[in-house]
Amino acid sequence: MLVRSAHSRVRRGARRTIGAALRCGAPALLGASLALLLGCSGAAQPPPARPARVVKTPPAQPKAPEGPPLLPAHVIAELEDEETTPYLARRGDEALLLYAAGGRLRTRVLGADGAPRGDAADVGPAAAEVPVAALRATPQGYIAAWIEQAGGSRAVRVIALDPAGKPTGPASLVAQTAEEITWLEVLPNAAGALVLWEMPREAQDNADRVDVVMSVVAQGKGGGAIKPTAPASVARGVLGWNAVATERGAAVALVMPPAGGDRKPARKAAAEDADAGDAAVAPKLGSVALLEIDPAGKVSGPVTVSPEPTAQIDLEIVAVGGRYLLTWTDERDIDSAVYLAAVEPGGKVVVAPRQATPPSGEQALVSLVAPSAEGGGRALLAWEDLLRARGVDGGAESGGQGRLIHLAAVGPDGALSAERAGLVFSASGPPDLAADGDGFAAVTLAPAALKAGGGEAAPPVWPTFVRFGPDLSVRAAEPVRAAPFAATDGVPYLVRGLSCHKGACATLASAAAGAPAPQPQGGAAAGAGAATGRAPLAVVSLPVRESPWRAPAFREDRDPPPRATAVRALVEGDSIAKVAAAELDGGAAMAAWVTYFVEGASNRAPRGQDLSATVAVRAAAPGGLGKLSVVSQKASSIGGVAIAAAPPAPADAKGKGGAAQGESVLAWVARERGETQVYVTKLDATGAKVAQKKLTTAPRKKQGGVASEASDVAIAYDGAGGFIVAWVDTRDGNAEVYAARVDRALNRTLPDRRITNAPLDAAEVQIAVRGQEVWLVWSDARPAGDAAGAVDQAGEASGDIFLARLDAKTLQRIGDETRLHASPEHSRSPVLAPYEGGAVVAWVDEAAAGGAAASGGGAAGGLARFVRLDGGGAVQGPPLAVAAPDGAPASSVALACDKVCRGVLASAPGDSVALNAFTLAPGEAAAPAMKLLAWLTGSASQDVSPAFAGRSGASLFFADDAVGGAGRVRWMTIAWP
């Protein structure tokens with residue numbers, strides 16, 4: 001399996017000089033039927049190496065659990081040191097080990113159970129430096145090939161071995177050059193094998209290029225020396241490649257550079273002002289092509305599989321059901337996604353490139369595993385969702401530590417199975433995966449905890465194997481622990497080379513150099529001795545048996561709701577300050593947002609133009625996304641954005657003036673010539689601008705003082721053909737809440753009306769229409785000594801949440817304002833959700849300085865509170881305090897109420913952001929249980945501003961920064977109980 005990835009989540013190791021044969025300065029992969037070494041070089045730095053399937057045990061570990069039995073193991077050799085790379089290839093019921101010891105190449109035959117069969121055989125001298133090597137089984141025996149480095153020269157050598165591992169002749173020189181050779185692969189066929197290698201070329205357009213070269217190695221039935229053909233070109237100047245052996249010879253998948261050097265992704269909704277500096281750090285992207293090579297070395301012309309220049313270089317290919325299945329990480333949309341395509345032998349594309357899984361934010365391909373010969377003809381696709389990048393989705397089953405790798409079987413039609421599994425991997429790079437009959441197996445690095453251990457706070461992180469059944473259910477799982485590694489609690493230093501055959505799985509494991517080494521079984525290996533400076537190498541069996549260990553894997557498709565069913569990005573560009581959403585007819589929604597902009601901190605405006613923040617909208621429906629519509633680039637970030645939807649307008653008596661579709665009205669704040677005013681914009685169902693008017697005309701400039709500001713807009717449909725807008729305004733000195741009403745044509749039907757009158761500032765007003773009344777809630781800092789005032793520990797007034805009821809026709813206040821809860825915490829970010837005849841109000845309480853939000857029993861970092869209001873606006877019972885999981889500070893909350901209330905709480909554990917779903921039955925005294933929806937890719941300092949569209953809670957919109965730092969608005973669909 002060949003892997004190349006430019007994605008940050010699939011990191012690739014750096015190379016360095018080595019001093020012994022088949023040894024590398026970084027851990028490398030030992031494959032079962034194909035072994036790949038993470039290469040090393042002492043010359044000019046080549047392109048990064050492919051990721052290695054090697055599991056390295058962390059050096060510092062908590063105390064190990066006691067009691068569970070060890071796994072069966074056979075010591076088969078001793079390596080020069082712990083990072084010497086051995087190679088293993090399986091051939092029927094036997095396997096052959098190739099390694100270096102004492103300056104010689106050696107082989108050893110192993111039985112089906114891993115036990116050595118006889119002594120090691122001498123193959124020949126080992127070169128001083130071997131960056132890359134490969135060993136494959138053939139019908140005649142085995143073929144090994146490697147790259148040698150000596151001084152300024154690089155050479156490719158190949159040797160044929162009989163079934164007993166003995167050379168049929170001396171090693172043959174295939175190619176020798178002063179140029180760099182960075183990768184090598186052996187592809188066996190009935191007549192011998194094709195040896196392919198890559199040579200880097202000068203980078204163009206900030207992208208490394210490589211040439212792919214080959215030689216044909218014939219291996220006759222009678223044995224004897226082999227004679228490789230002269231090197232011949234396969235492909236020139238490609239970005240990446242991957243190859244698979246077939247009955248027809250070999251198939252090679254290529255990532256081709258775009259024509260004309262244009263590597264810019266064809267994003268469907270790019271930002272209005274993309275940062276030109278991003279091009280220098282963008283991943284290598286190209287189109288996907290396929291060519292075939294017959295056993296005689298004849299190369300077919302390349303066939304285009306995916307013409308879009310949007311494929312990353314992590315392209316993989318396997319043969320499944322008589323077809324070639326190709327997969328890669330693709331950036332044709334805003335979010336990177338894993339794509340699949342299928343090609344018939346001969347080059348016919350039978351399954352056009354398509355996204356493999358439902359949209360789930362940014363994805364990265366991890367690996368594609370070919371089916372076993374005795375299996376059910378399905379490959380295994382492994383990928384990672386970066387919005388769910390931590391292995392916490394399985395709760396206790398996953399151990400709560402590490403990345404979460406998703407697994408699904410895939411057939412020759414490119415369709416993924418309904419059964420999905422999650423695998424925890426506490427390291428960078430890919431885990432070791434292999435086909436296991438009609439199922440699959442994995443070796444991963446994960447927390448090792450006993451099922452009855454009571455959930456240790458910090459379990460050790462060990463190499464652990466998992467055996468999956470055909471439906472990806474976990475058949476067995478336990479840490480890789482064996483007697484040869486007793487000095488380290490049975491845990492080896494390196495684990496690599498997972499292989500399975502006829503229902504039996506095993507892996508190679510080695511100790512660190514200097515560890516006590518048991519005598520190899522079945523006779524001493526050549527070159528082995530009593531010196532403790534060498535690293536014992538063992539084959540460890542991975543049986544299906546009852547285990548007391550908690551599995552680091554689980555069936556994801558059995559995950560109960562609430563859960564995210566899809567995540568898509570609506571826009572990419574500047575960071576997002578505020579997100580709003582409204583439900584439209586037919587299950588669609590309209591999302592709106594305003595970007596974050598600091599005056600004087602950006603020079604992106606063309607000369608003579610006055611640009612500020614951007615206000616934009618986009619429709620989202622089950623059938624897809626609408627066109628991105630930019631409303632203005634002169635908006636105020638602190639003004640916020642709000643949107644409300646109205647049903648279709650009725651026709652007049654003559655049948656005119658009606659509308660077939662509903663409309664929505666956007667409220668936002670424009671900044672022109674340094675002044676802010678509230679605007680309203682009418683949108684059609686596609687998000688196109690229909691009309692726009694200025695709502696306020698307040699004078700803003702003050703002589704000798706700061707100009708007044710409008711901010712924190714809110715809007716609601718009044719149920720009678722008009723809209724009511726609320727906002728915060730400082731025109732009278734301090735920040736107060738104002739309101740106005742407009743008709744469907746956006747004509748103002750009532751003048752601006754000041755709602756509040758308090759000495760200190762109001763903020764973050766929210767609005768809802770309840771029958772003939774308009775309800776407003778906001779955060780207000782009332783002074784110390786106020787009849788209901790709250791004072792923090794510093795003796796200063798803190799913000800509390802207030803409610804005002806207005807007459808919908810006159811906007812006159814009904815009764816006095818109501819403080820919903822008095823506390824020493826700072827109450828902010830209220831949301832108002834209509835419920836039955838009243839409403840539910842939620843907000844975030846930030847802990848006071850030097851104290852905690854413990855007045856409600858919450859976490860020291862802050863919590864959310866919920867209060868129910870009856871039809872008259874009266875508070876029903878004390879507020880319910882809800883803490884975020886693991887004591888993390890709550891940052892914002894979204895709420896939608898129908899028969900029950902459904903919510904999403906954003907919290908900031910550590911330096912990241914998590915979205916947690918909950919269901920709330922108003923009136924219940926107990927806090928609701930939280931269910932993780934996603935870990936976001938942005939930092940904990942970001943306000944993700946979650947907002948539901950509609951009362952069902954099925955569509956959530958929120959802000960998030962991408963891995964590369966660009967701001968994004970995301971749309972998540974949620975399945976609820």
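Reckoned from all heavy atoms, side chains included, excluding hydrogens, waters and symmetry mates. Residue numbers count from 1 along this sequence.
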Asp436 side chain to Cys500 main-chain N or O, any donor-acceptor pair under 3.5 Å? no
Sub-3.5 Å donor-acceptor pair from the side chain of Asp93 to the main-chain atoms of Ala112, do we have one? no
The test is salt bridge (Lys or Arg N to Asp or Glu O under 4.0 Å); show your working for Arg403 and Glu384 and say whether it passes. CA-CA 8 Å; Arg403 296 159 49 205; Glu384 186 174 6; 2.9 Å; yes
Among residues at least two apart in sequence or on other chains, which ones pass salt bridge (charged side-chain N to carboxylate O under 4.0 Å, His left out) with Asp211? Arg201, Arg236
Exam field: side chain Asp208 to backbone Leu239, donor-acceptor pair closer than 3.5 Å: no
List the steps, then state whether side-chain contact (heavy atoms from CB on, under 4.5 Å) holds for Leu315 with Trp241. CA-CA 7 Å; Leu315 176 66; Trp241 63 283; over 6 Å; no
When rounded to the nearest 0.5 Å, the distance separating CG of Leu290 from OG of Ser306 is 12.5 Å
Does any N or O in the side chain of Asp335 come within less than 3.5 Å of the main-chain N or O of Ala569, such that one atom is a donor and the other an acceptor? yes
Rounding to 0.5 Å, atoms OG (Ser233) and CE (Met199) come to a distance of 10.5 Å
Whether the side chain of Thr246 engages the backbone of Gly249 through a donor-acceptor N/O pair (distance < 3.5 Å, no angle test) should be reported. yes
Candidate pair Thr327 and Glu316, rule side chain to side chain donor-acceptor pair (under 3.5 Å), full reasoning: CA-CA 5 Å; Thr327 183; Glu316 296 206 21; over 6 Å; no
With Arg332 as the cation and Tyr339 as the aromatic partner, state whether NZ or CZ is under 6.0 Å from the six-membered ring centre and within 45° of the axis. yes
Taking all non-hydrogen atoms of both residues, which atom of Ala382 and which atom of Leu365 are closest, and how far apart? O-CD1, 3.7 Å
Check: Pro412 main-chain N/O paired with Arg323 side-chain donor or acceptor under 3.5 Å: yes
Taking salt bridge (charged side-chain N to carboxylate O under 4.0 Å, His left out) as the test, write out the residues that go with Glu292, two or more places apart. Arg248
Looking at every heavy atom in both Pro228 and Val217, which two are closest together, and how far apart are they? CB-CG2, 4.1 Å
Salt bridge (Lys or Arg N to Asp or Glu O under 4.0 Å) between Glu362 and Arg970, worked out: CA-CA 11 Å; Glu362 292 180 273; Arg970 299 191 188 274; 3.6 Å; yes
Flag, side chain of Ser215 to backbone of Val195, donor-acceptor distance under 3.5 Å: no
How far does CD1 of Ile313 sit from OG1 of Thr329, to the nearest 0.5 angstrom? 10.5 Å
Search all heavy atoms of Leu187 against all heavy atoms of Val244 and return the closest pair with its distance. CD2-C, 4.0 Å
Steps toward side chain to side chain donor-acceptor pair (under 3.5 Å) verdict (Thr310, Glu331): CA-CA 5 Å; Thr310 54; Glu331 295 195 16; over 6 Å; no
Distance-only, no hydrogens or angles: does the Arg378 side chain make a donor-acceptor pair with backbone N or O of Pro371 under 3.5 Å? no
Judged by atom type as modelled, is there a donor-acceptor pair below 3.5 Å linking the side chain of His501 to the main-chain atoms of Arg90? no
Measure the OG1-CZ distance between Thr973 and Arg563 for me, rounded to the nearest 0.5 Å. 10.5 Å
Begin with the C-alpha distance, continue with both residues' side-chain angles, and end with the deciding distance and a verdict on side chain to side chain donor-acceptor pair (under 3.5 Å) for Gln312 and Ser336. CA-CA 9 Å; Gln312 291 189 17; Ser336 57; 5.0 Å; no
Give a yes or no on whether the backbone of Ala975 and the side-chain of Thr565 come within a donor-acceptor separation of less than 3.5 Å. no
